[in-house]
*Asks:* 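My questions all concern the structure below.
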Amino acid sequence: MAIVKMDKFNLFSFEYDRSLLLDILQKFNYVHFNDLKVDDDEDYLKEVDNSNRLLEIDENISKLDYAIYSLEEYLENGKVKLNKKDMSIENLNKEGLNFRFDKIYPKLKEDLDLRDKAKDKIKELRANNVELEPFKNLDLSVEEIEHSHRFFVEIGTITDQFYKDFDKDLVKENFSQSFVVEISKRDNVNFLYAISSLEESDRFKLFLRDHGFSKSIIKTRKKANEQIYLNNKKIEEEEKKLRDNEKRIKDFIELLPDLYLYKTYLENLRRKEASSEYFLKTKRVDMIEGYIPRNLNKKFKDDLDQALGDGYLLEINEAERDDSDVPIILDNPKLIDPYDSIVETYSLPKYNEVDPTLLVSIFYTIFTGFMLGDFGYGLLLFLGTLILPKVVDLPKSTLKMVRLFKRVGLSACVFGLIFGSFFGGIIPIPGLIDTQKDFNTLMIISLIIGGISLFTALGVKAYMLIRDGDPLGAIFDVLFWYMAVGGAIAWFLLENEAKKIAMIVMVVGMVGIVLTGGRENKTVAGKAAGGLYSLYGISSWIGDFVSFLRLMALVLSGGFVAYSVNLIVAMVWSAGIIGKVAGVIIFVGFQLFNLFLSTLSAYVHSLRLIYVEMFNKFYEGGGKKFRQMIEDSKFINIIRGGYNG
């Protein structure tokens with residue numbers, strides 16, 4: 001439940017040791033480099049440029065991705081069954097270096113190119129057959145038509161729109177040596193050839209043009225039916241080539257696990273080589289600056305000693321709390337680390353802030369469970385998240401999300417028992433609150449949860465101020481707000497003497513806010529204006545409290561939908577066996593759909609309550625994520641010491 005403490009280091013090593021240094025740093029893994037830049041007056045320094053090496057690696061990754069994608073097309077289920085491996089970075093590098101992708105890829109690429117060439121040829125021949133199909137009954141070759149010197153002959157098309165009056169108009173024009181022969185028809189297009197004597201050809205051409213005649217370009221010098229026959233023979237030959245190519249390609253499928261491993265190797269190689277571009281160099285020396293976790297301080301020195309001996313100079317100091325460049329690692333126990341993703345989605349804390357994950361884990365679980373508020377839904381969600389990792393191999397990030405929803409499911413079960421709701425009341429269970437009647441109770445509970453959440457968040461701010469040596473700030477910026485807001489709530493709820501005491505507490509708090517809210521301003525007028533503006537912020541508290549009514553709104557909406565589904569099921573249930581089958585289908589389908597919508601709504605609206613209503617009381621965020629030098633893939637888990645991120 002904390003941000004990992006960091007040390008800042010400055011490292012000087014010889015340029016000829018750079019490759020060795022990068023190897024040892026990647027093995028160490030938990031090193032985050034600052035991106036050093038050369039100032040104008042530092043002409044003795046240069047930035048390290050490793051772009052050529054990175055380009056080479058990127059080209060290999062691109063080739064590898066193409067190879068993997070092409071082979072995965074031939075898998076029966078679209079993927080290969082893999083047992084995710086655990087490997088050290090040394091073994092991964094050894095396997096990657098020994099894998100001869102440079103020998104495999106040219107052979108695979110040749111077969112893929114031949115396959116694509118065969119596919120393109122088949123596609124071209126079939127397209128040509130489609131074009132020739134309307135002319136297959138034409139007993140003339142294109143060559144015979146085009147080389148006719150005694151007649152005008154042309155093949156083309158006329159749509160039905162123009163063709164319906166074509167014969168009648170042809171007679172009216174009184175052509176004595178011109179006629180049209182229909183070859184075939186497809187859709188609303190008429191395929192025909194037109195013949196005319198040379199004497200009438202000019203007038204006949206004009207007539208054809210006026211009636212929408214469009215000349216056809218036939219891609220053959222032979223008769224259409226002969227060309228179709230030849231095309232079909234070529235298609236058979238190309239399909240045989242294609243089958244042979246694909247058989248050879250499928251022989252490479254057994255290499256897919258090795259290709260996956262090689263991809264992990266290349267991705268980590270790229271990460272290592274890209275790290276050098278954070279360095280500066282002189283003619284002989286590399287200069288490196290960055291951060292390491294404080295508890296790995298000794299190991300860092302030992303690894304450098306082992307790799308470089310006396311050929312380096314290292315300076316390590318405790319990272320400054322207010323240094324905005326300090327990278328962040330959240331170190332939380334397994335019980336609450338699924339909520340890291342919620343914090344990271346908003347923004348990681350700065351190094352001088354507190355890790356809000358514990359706070360998030362408590363209130364986010366309460367919010368989502370309250371909004372779902374059904375024992376049946378919670379049970380389904382819990383069992384689903386319990387079974388899913390056992391049947392599907394999930395990456396770490398997805399596993400964290402599954403564990404998060406497991407906790408949400410348990411919370412929904414608890415609130416489902418409180419509300420006496422099991423799939424909207426399909427099975428009656430005793431509860432403390434009836435969501436279909438006790439609306440005022442739900443509203444009050446929602447506001448109480450909101451008040452506890454907001455006051456807790458404000459209390460975190462007090463802790464941060466006291467921790468940073470500013471106890472007066474905790475009084476001015478927290479205690480006075482407790483008095484102002486808490487006093488206002490107490491004044492509204494209490495009576496008689498207690499109401500008067502609440503009024504006094506509220507007024508003292510408000511006066512304290514006005515007197516201290518603008519204390520950073522220099523002039524009296526500025527202090528007064530700042531104080532009044534700070535007090536105006538009390539209006540935002542009203543909005544924050546009202547926002548927590550969404551807890552009530554969502555549990556009611558989900559509950560009413562579930563109840564409505566049950567009413568529909570009850571209506572059709574009495575209609576014999578058909579009604580019972582329909583009832584089961586309606587119940588299962590719509591309850592699952594309502595579970596999906598309710599879970600999605602609870603997930604999103606709980607995030608809003610955390611990010612907008614709670615975080616704005618104490619949390620700024622904007623921390624940088626720690627860049628590790630090792631990256632897992634969906635195929636390989638790389639073993640590393642220390643933190644696992």
Side-chain angles (χ1 to χ4, degrees), residues 352-354 356 359-360 362-363 366-367 370 439-553 608-621:
N352 60 2
E353 292 186 303
V354 297
L359 191 69
V360 169
I362 295 170
F363 287 102
I366 292 172
F367 297 160
F370 192 105
F439 304 133
N440 288 336
T441 303
L442 284 173
M443 181 176 67
I444 292 169
I445 293 174
S446 298
L447 292 175
I448 290 173
I449 291 174
I452 294 171
S453 305
L454 297 175
F455 283 177
T456 302
L458 196 59
V460 176
K461 182 176 182 179
Y463 162 76
M464 293 172 62
L465 289 168
I466 294 170
R467 180 202 65 181
D468 295 339
D470 187 11
L472 286 178
I475 294 172
F476 299 154
D477 295 337
V478 177
L479 179 60
F480 286 157
W481 279 103
Y482 274 142
M483 295 172 68
V485 178
I489 295 172
W491 177 80
F492 181 76
L493 296 175
L494 301 177
E495 296 180 356
N496 302 326
E497 291 300 320
K499 194 178 187 76
K500 294 178 181 178
I501 295 172
M503 171 68 79
I504 294 170
V505 172
M506 179 183 70
V507 171
V508 171
M510 289 181 173
V511 171
I513 292 170
V514 172
L515 293 175
T516 62
R519 62 186 182 276
E520 294 180 356
N521 297 325
K522 295 181 179 179
T523 63
V524 174
K527 293 179 186 294
L532 290 171
Y533 182 77
S534 295
L535 182 61
Y536 175 73
I538 203 168
S539 60
S540 69
W541 280 80
I542 299 173
D544 292 342
F545 272 101
V546 171
S547 289
F548 279 89
L549 291 177
R550 70 187 64 233
L551 294 173
M552 175 189 73
R608 188 194 186 283
L609 293 176
I610 294 289
Y611 294 161
V612 179
E613 272 65 47
M614 292 185 65
F615 274 9
N616 70 7
K617 299 293 181 287
F618 73 97
Y619 191 72
E620 183 178 348

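Hydrogens, waters and symmetry mates play no part in the numbers below; they use all other heavy atoms, side chains included.
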*Asks:* Can you find a pair of side-chain heavy atoms, one from V514 and one from F480, that are under 4.5 Å apart?
*Replies:*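 Contact flag for V514/F480 side chains = no.
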*Asks:* I'd like to know whether OH of Y536 has more than 12 heavy-atom contacts from other residues, nucleotides or ligands below 6.0 angstrom.
*Replies:*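 It does not: Y536 OH has 12 such atoms or fewer within range.
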*Asks:* Test F363 against L609 for side-chain contact (heavy atoms from CB on, under 4.5 Å), laying out the working first.
*Replies:* CA-CA 9 Å; F363 287 102; L609 293 176; over 6 Å; no
*Asks:* Run the numbers on V360 and F615 for side-chain contact (heavy atoms from CB on, under 4.5 Å), then give the verdict.
*Replies:* CA-CA 10 Å; V360 169; F615 274 9; 3.8 Å; yes
*Asks:* Using a 4.5 Å cut-off on heavy atoms from C-beta on, say whether the side chain of D470 contacts that of L472.
*Replies:*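 The answer is yes; the side chains approach within 4.5 Å.
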*Asks:* Run the numbers on M464 and V478 for side-chain contact (heavy atoms from CB on, under 4.5 Å), then give the verdict.
*Replies:* CA-CA 11 Å; M464 293 172 62; V478 177; over 6 Å; no
*Asks:* Take a 6.0 Å sphere around NZ of K500 and say whether it holds more than 12 heavy atoms from other residues, nucleotides or ligands.
*Replies:* no
*Asks:* Roughly how far apart are N616 CG and D544 CG, rounded to 0.5 Å?
*Replies:*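 Result: 5.5 Å between the selected atoms.
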*Asks:* Would you name the heavy atoms of I513 and A484 that are closest together and state the gap between them?
*Replies:*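 For I513 versus A484, the nearest heavy atoms are CD1-CB, 3.9 Å.
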*Asks:* Closest approach of G537 and S540, non-hydrogen atoms and distance?
*Replies:* O-OG, 2.6 Å
*Asks:* Which heavy-atom pair separates N521 from G530 by the least distance, and what is that distance?
*Replies:* ND2-CA, 4.0 Å
*Asks:* Determine whether a donor-acceptor pair (N or O, by modelled atom type, separation under 3.5 Å) exists between the side chain of E353 and the backbone of Y619.
*Replies:* no
*Asks:* Do the non-hydrogen side-chain atoms of F367 and M614 ever get within less than 4.5 Å of each other?
*Replies:* yes
*Asks:* If you define the side chain from C-beta out and look only at heavy atoms, does anything of L465 sit under 4.5 Å from F618?
*Replies:* no
*Asks:* So which atom in V354 and which in R467 form the shortest heavy-atom distance, rounded to 0.1 Å?
*Replies:* CG1-NH1, 3.6 Å
*Asks:* Donor-acceptor pair, distance only, cut-off 3.5 Å: does the side chain of K527 make one with the backbone of G518?
*Replies:*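 No.
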*Asks:* Taking side chain as C-beta onward, heavy atoms only, is K617 less than 4.5 Å from K461?
*Replies:* no
*Asks:* What's the separation between atom CG in L458 and atom OG in S453, rounded to the nearest 0.5 Å?
*Replies:*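 Output value for this atom pair is 12.5 Å.
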*Asks:* Just one of I449, I448, L454 clears the side-chain contact (heavy atoms from CB on, under 4.5 Å) bar with I452, so which one?
*Replies:*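 Passing option: I448.
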*Asks:* Strictly distance-based, threshold 3.5 Å: is any side-chain N or O of Y482 a donor or acceptor partner for the main-chain N or O of G459?
*Replies:*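 The answer is yes, because a donor-acceptor pair under 3.5 Å joins these two groups.
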*Asks:* If you define the side chain from C-beta out and look only at heavy atoms, does anything of M510 sit under 4.5 Å from M483?
*Replies:*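 Side-chain contact under 4.5 Å: no.
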*Asks:* Mind telling me whether W541 and W481 have parallel, tilted or perpendicular rings, with 30° and 60° as the class edges?
*Replies:* parallel
*Asks:* Between A474 and A462, which heavy-atom pair has the shortest distance, and what is it?
*Replies:* CB-O, 4.0 Å
*Asks:* For a quick test of reading the model, state the closest non-hydrogen atom pair linking M552 to L442 and the distance between them.
*Replies:* CG-CB, 3.7 Å
